[in-house]
Colleague: 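Mind looking over this structure? Questions follow.
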Protein chains: 2
Amino acid sequence: MTTLVQVAQLAGVTAATVSNVLRGRGKVGAQTRQRVLAAVETLGYRPNLMARALVEGKPSTIALIVSSIANPFYPEFALEVERAARKLGYFLLVCNTNDDPAQERAYLDAVGGSLAQGVIVMNADFVQIDALLALRRRGVPVVLCMWERPQAPPELPCVAVDFHQAGVLAAEHLIKLGHQRIGAIVGSEASGNHRWRYQGFRDTLAKAGIEFHDTQVRFGHDSIDDGRNAAHSLLAAVPDLSAVFVSNDLPAFGVLQAAADLGLEVPRDLSVTGITDIQLAHQLRPALTTVAVPTAEAAGLAVDMLMDLIAHPKGAVPPLKVTAAPRLVVRATTGRVGPL
Amino acid sequence: MTTLVQVAQLAGVTAATVSNVLRGRGKVGAQTRQRVLAAVETLGYRPNLMARALVEGKPSTIALIVSSIANPFYPEFALEVERAARKLGYFLLVCNTNDDPAQERAYLDAVGGSLAQGVIVMNADFVQIDALLALRRRGVPVVLCMWERPQAPPELPCVAVDFHQAGVLAAEHLIKLGHQRIGAIVGSEASGNHRWRYQGFRDTLAKAGIEFHDTQVRFGHDSIDDGRNAAHSLLAAVPDLSAVFVSNDLPAFGVLQAAADLGLEVPRDLSVTGITDIQLAHQLRPALTTVAVPTAEAAGLAVDMLMDLIAHPKGAVPPLKVTAAPRLVVRATTGRVGPL
DNA sequence: ATGAAAGCGCTAACAG
DNA sequence: CTGTTAGCGCTTTCAT
C-alpha cells in the first residue's frame with residue numbers, strides 16, 4: 001500500500017505538503033503541486049480513510065441499520081439514504097441485522113462511534129430502544145427512522161411518519177367504495193409496529209359505525225407468504241368479506257394470491273389495500289392500491305437530523321421530525337362493493 | 001468517546017494490559033482482569049475499530065459492490081455474503097453504485113485498501129474490469145463474482161457460474177414440453193452480460209433443429225417493466241409463440257404480466273421461464289419456472305477466495321472458482337405446448 | 001504478570 | 001510557501 005510519505009519522498013517534499021495539495025488546504029506552489037500530483041499518479045496513491053478518520057476524530061461513513069435487507073422496502077430506503085449521504089460526502093454502511101437482536105447489538109457496538117460517525121436505525125418490531133439510548137449516552141449520534149406514531153415519540157432523535165393516518169386513509173377509501181364487511185391483516189404482532197396502522201383502520205370503521213369483530217383480523221409477519229396464509233385463514237373463517245385492509249404492501253400481495261387461489265376476482269369479489277407503496281406495488285399486476293408513505297422524504301430527514309446531531313452533539317430535547325402525510329394511491333385492487 | 005487509556009486509568013493499569021485482556025492475548029492476572037472488565041463496563045468502552053485497523057494494517061470490513069440494490073437479487077446475495085463474512089469476523093460494507101461508473105470508481109477508490117480489507121464486486125454490464133485490475137495492482141484483494149462464462153474468465157480472481165448452461169437447461173425444458181416457436185427476452189444488451197444465457201438457449205435450439213429468427217428476440221434491461229414492454233413488443237410481432245425464454249427472473253415476471261394483459265393464460269397459451277430463482281420466483285403467483293443459480297454457494301466461494309487472497313497476496317495466476325451447475329426448477333409457468 | 005515505548009498513516013498547528 | 005512537531009486510539013515487542 002502506498003502511503004503519504006512515499007508520495008512525499010518521490011515528490012521531494014514532506015508529508016504535510018502532500019496532504020495540503022490533496023485536501024486543497026494551505027498554500028502550495030504550482031510547481032510543487034504538479035510534482036506531488038505526478039507522484040500520486042505514478043504511485044497510484046489513495047489516502048487511507050481510516051487513518052484520516054482517526055486523526056480527524058470521525059469517519060466519513062454513516063451506518064444504516066435495517067432489520068432485513070431481504071424485505072424490498074429496506075433496499076429502496078437505503079438507496080435514498082445513500083443518495084442523501086453521498087451528497088454530503090459520506091459513505092453508507094448498510095448493516096443488516098436479520099431481525100436478530102444479538103446481531104443488532106453487535107452492529108451497534110462495532111459501528112457506533114468507530115466505524116461510522118453516526119447511525120440511522122430503521123424502526124422495527126424488535127428494535128432495542130434501550131440499546132439505542134445507551135449508544136446515545138456514549139455520545140454516538142443516533143436517529144431512529146420510520147417511527148409510526150408522531151404523537152408518541154421515544155426519547156430519541158426520531159423521524160416519524162403518521163401511520164395511524166395511513167390506516168385511516170385506507171379505511172376511508174374502502175368505506176367510500178361501499179365496503180362494510182372488511183377484514184384486516186396486520187403484518188406484525190398485535191402489539192407490534194403495525195398496531196397504529198390497524199388502529200387507524202379500526203378508528204375509522206368505528207367512526208363510520210361499521211362493525212368489526214376480532215374474528216376479522218389476523219396478525220403475522222411482513223411477508224408475502226404470511227399475507228397469503230393469513231388471508232386463507234381469514235377468508236375461510238369469514239367468507240363474506242368484500243375487502244381486506246392489509247397493513248403493508250408485501251402481505252397485501254400475498255392476499256391477492258390467496259384471492260386468486262380461491263377463485264375470487266379482484267377487485268370484483270374482493271378489494272385489497274396495502275400501505276407503503278414499494279416499487280413492486282406498481283410493478284406487479286394487478287397494481288396495488290396502497291397508501292404511499294414519503295420514503296425519500298423520511299430518508300432525507302433522517303440524514304439531515306443525523307448531520308445536525310453531529311454538528312450539535314448536545315441537544316437538550318431529542319428532535320422529532322415528521323414527514324408529510326401519507327397519500328392514498330388508487331390502483332387496480334380496489335373497487336366499489338359488488339352486489340351481494 | 002471512551003478510550004483505552006481512560007479504561008486503563010480507572011482500572012489502575014496501563015493501556016497495554018487493557019488491550020491484552022480485551023483481546024485475550026498475553027498473561028493477565030485474574031485480579032487485574034476483573035478490574036479491567038469492570039472499568040470497561042462502567043465506562044461503556046468500545047474499541048475504536050478504525051484505530052485498531054490502522055495499527056493492524058487492515059480493517060475488519062470487506063466491501064461488496066453491487067450495481068443496484070433495488071434489484072432484489074442483490075440484497076439476497078448480500079445477505080449470503082454477510083453471513084459468510086460475519087462468520088469470519090468481518091463486517092460487510094454494502095456499496096451500491098446505482099449502475100453509475102463514476103460512483104463505482106468512487107467506491108473502489110474509497111473502499112479499496114482503506115475502508116475495507118478487500119472487495120467483492122458483483123458482475124454487471126458496466127463493471128469496469130480495468131478499474132478492478134488497477135485496484136488489484138495496488139495490492140487490494142479483489143474478487144469478481146457471478147462471472148457468466150467459466151470458460152472465458154477475466155484476468156481477475158473470479159467466481160463464475162455457468163450461465164450458458166442455465167440457458168441450455170431452460171431451452172431443453174421448453175423443447176421437451178414440445179415447444180417449437182419460442183421467443184427470447186434478454187435482460188441486457190445484445191453484447192451484455194446475459195449474452196451467454198441467450199447463447200445457451202440458441203445453441204440448444206440449433207442442436208434440436210428448431211428455427212429461430214432475430215425477430216424472435218428482444219434485448220433490454222433487467223427489470224419487470226422492461227420485461228413487460230419487451231414481451232408486448234415481441235408478442236405483437238410474433239403472436240404465434242408458444243413459449244418465451246427470459247434471461248432473468250425479474251423480466252420474466254414482466255412477461256407474465258404482458259401475457260395477462262393480452263388475455264393469454266399461462267402456461268396453457270404461453271410458457272415462460274426465468275433464470276436465477278430469486279425469492280419472488282416462488283413467492284409470486286403463478287410461481288415461476290426458472291433455472292436456479294447457486295447464489296449462496298457463489299457468495300461463500302467469493303468470501304473464501306477473498307480470504308485466500310488476503311492471506312496469500314501474491315498468487316501468480318488469478319484463481320477461478322466455479323459453482324455447482326444451475327438447476328432447473330419447474331413450477332407453474334411452463335407446460336406442454338397446446339394444440340395449435 | 002505488567003509497564004514503557006514505538007509506530008500504524010494521516011492532519012493540524014506552528015515555525016521558518 | 002514548505003518543513004517540523006505532535007498526536008489521534010490502538011497493538012506490539014521488549015523490558016522489568
Side-chain angles (χ1 to χ4, degrees), chain A residues 1-37 39-40 43-60 109-117 138-140, chain B residues 1-37 39-40 43-61 89 109-117 138-140:
Chain A
M1 197 177 92
T2 320
T3 75
L4 241 207
V5 189
Q6 301 180 23
V7 176
Q9 288 174 338
L10 201 155
V13 294
T14 187
T17 305
V18 177
S19 177
N20 278 335
V21 351
L22 260 31
R23 308 299 298 281
R25 309 270 171 88
K27 269 87 229 342
V28 208
Q31 321 276 345
T32 4
R33 147 169 278 100
Q34 286 317 316
R35 282 207 321 265
V36 169
L37 258 22
V40 167
L43 259 34
Y45 168 77
R46 295 293 181 285
N48 184 324
L49 297 187
M50 295 259 180
R52 182 179 288 174
L54 186 56
V55 49
E56 289 185 338
K58 54 199 183 155
S60 52
D109 275 355
V111 135
S114 69
L115 240 40
Q117 193 173 155
R138 287 205 281 118
V140 180
Chain B
M1 198 176 94
T2 320
T3 76
L4 240 207
V5 189
Q6 303 180 23
V7 175
Q9 288 175 336
L10 202 158
V13 295
T14 186
T17 305
V18 178
S19 177
N20 278 335
V21 350
L22 259 32
R23 306 302 296 282
R25 310 270 170 88
K27 269 90 228 346
V28 207
Q31 322 276 344
T32 2
R33 149 170 275 101
Q34 287 317 316
R35 281 206 322 265
V36 169
L37 259 22
V40 166
L43 259 35
Y45 168 77
R46 296 294 181 284
N48 184 324
L49 296 187
M50 295 260 179
R52 182 178 288 174
L54 185 56
V55 49
E56 290 184 337
K58 53 197 183 159
S60 51
T61 48
D109 275 354
V111 136
S114 68
L115 240 37
Q117 193 172 154
R138 289 205 280 118
V140 180

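Order of the sequence lines sets the chain letters (A, B, ...), proteins ahead of strands, with each chain counted from 1. Atoms considered below: every heavy atom in the structure, side chains included; atoms not considered: hydrogens, waters and symmetry mates.
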Colleague: Taking all heavy atoms of Pro59(A) and all of Ala53(A), pick out the closest pair and write down the distance.
Modeller: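 Pro59(A) and Ala53(A) have their closest heavy atoms at CA-CB, 3.4 Å.
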Colleague: From the options dG9(D), dC8(D), dT11(D), select the nucleotide whose nearest atom is closest to the side chain of Val55(A).
Modeller: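 Of all the options, the side chain of Val55(A) is nearest to dC8(D).
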Colleague: To the nearest angstrom, how far is Met50(A) atom CE from dT11(D) atom P?
Modeller: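 So the CE-P distance, Met50(A) to dT11(D), works out to 14 Å.
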Colleague: Specify the separation, in whole Å, of atom CZ of Arg46(B) and atom C1' of dC10(D).
Modeller: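 Answer to the nearest Å: 17 Å.
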Colleague: Gln6(B) CD to dC8(D) P: how many Å, rounded?
Modeller: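 Interatomic distance, CD of Gln6(B) to P of dC8(D): 11 Å.
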Colleague: Here's a test of your reading of the structure: between Glu56(B) and Arg33(B), which maps to the more 5' nucleotide of DNA chain C?
Modeller: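 Final value for this comparison: Arg33(B).
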Colleague: So which pairs with a foot in residues 43-54 of chain B pass salt bridge (Lys or Arg N to Asp or Glu O under 4.0 Å), sequence neighbours left out?
Modeller: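 Sorted result for residues 43-54 of chain B: Asp109(A)-Arg46(B).
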Colleague: Within the 4.5 Å heavy-atom criterion, are Asn48(A) and Thr3(A) side-chain neighbours or not?
Modeller: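 With C-beta onward as the side chain, the pair stays apart.
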Colleague: Rounded to whole angstroms, how far apart are CG on Asn48(B) and P on dC8(D)?
Modeller: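 It works out to 12 Å between those atoms.
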Colleague: The criterion is side chain to side chain donor-acceptor pair (under 3.5 Å); which residues satisfy it with Arg23(B), sequence neighbours excluded?
Modeller: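 With neighbours one apart ignored, the set is Glu56(B).
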Colleague: List the steps, then state whether side-chain contact (heavy atoms from CB on, under 4.5 Å) holds for Leu115(B) with Thr61(B).
Modeller: CA-CA 7 Å; Leu115(B) 240 37; Thr61(B) 48; 5.5 Å; no
Colleague: Where do Val36(A) and Ala11(A) come nearest, in terms of heavy atoms and distance?
Modeller: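 Shortest heavy-atom contact: CA-CB, 3.9 Å.
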Colleague: Please report, rounded to the nearest Å, how far the P atom of dT11(D) is from the CG atom of Leu49(B).
Modeller: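 One finds 9 Å between P of dT11(D) and CG of Leu49(B), rounded.
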Colleague: Show me the protein contacts with nucleotides 13-15 of chain D, counting only N or O atoms at under 3.5 Å.
Modeller:
none

Colleague: Please report the closest heavy-atom contact between Pro47(B) and Ser114(A), naming both atoms and the distance.
Modeller: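 In this case the closest contact between Pro47(B) and Ser114(A) is O-OG, 3.8 Å.
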Colleague: Select base, sugar-phosphate, or nothing to describe what Gly57(B) touches, counting heavy atoms under 4.0 Å on all strands.
Modeller: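 The answer is nothing, as Gly57(B) stays clear of every strand by at least 4.0 Å.
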Colleague: From CD of Gln31(A) over to P of dT2(D), roughly how many Å is that when rounded to an integer?
Modeller: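 Answer to the nearest Å: 9 Å.
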Colleague: Got Val5(B) and Gln9(B) here, is their nearest side-chain heavy-atom distance under 4.5 Å?
Modeller: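 The answer is yes, as the side chains (C-beta and beyond) meet within the 4.5 Å cut-off.
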Colleague: Measure from the side-chain N and O atoms of Thr2(A) to the backbone N and O of Tyr45(A), and report whether any donor-acceptor pair falls under 3.5 Å.
Modeller: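 It does not hold such a pair.
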Colleague: How would DNA chain D look in dot-bracket form, 5' to 3', counting Watson-Crick and G-U wobble pairs with both distances under 3.5 Å and writing | for bases paired to another strand?
Modeller: ||||||||||||||||
Colleague: Look up atom OG1 in Thr14(A) and atom CG in Asn20(A), then write down how far apart they are to the nearest 0.5 Å.
Modeller: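 The CG atom of Asn20(A) is 10.0 Å from OG1 of Thr14(A), to the nearest 0.5 Å.
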Colleague: By nearest heavy atom, map Leu54(B) and Arg35(B) onto DNA chain C; which one lands nearer the 5' end?
Modeller: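 Its nearest nucleotide lies further toward 5', so the answer is Arg35(B).
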Colleague: Nucleotide range of DNA chain C contacted by chain B, 5' to 3', under 4.0 Å to a heavy atom?
Modeller: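 Listed 5' to 3', the contact boundaries are dA1(C) to dG9(C).
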Colleague: When all nucleic acid strands are considered with a 4.0 Å heavy-atom cut-off, which category describes Thr3(B): base, sugar-phosphate, or nothing?
Modeller: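 Sugar-phosphate contact only.
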Colleague: Reckon Ser19(B) has a side-chain N or O less than 4.0 Å from the OP1 or OP2 of dT11(D)?
Modeller: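 For dT11(D), OP1/OP2 do have a side-chain N/O of Ser19(B) under 4.0 Å.
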Colleague: Does Leu37(A) have any side-chain contact (heavy atoms from CB on, under 4.5 Å) partners at least two apart in sequence or in another chain, and if so, which?
Modeller: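 Residues passing side-chain contact (heavy atoms from CB on, under 4.5 Å) with Leu37(A): Val21(A), Leu22(A), Arg33(A).
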Colleague: Could you grab the distance from atom OG of Ser60(B) to atom CE of Met50(B), nearest 0.5 Å is fine?
Modeller: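 Going from OG on Ser60(B) over to CE on Met50(B), the span is 9.0 Å.
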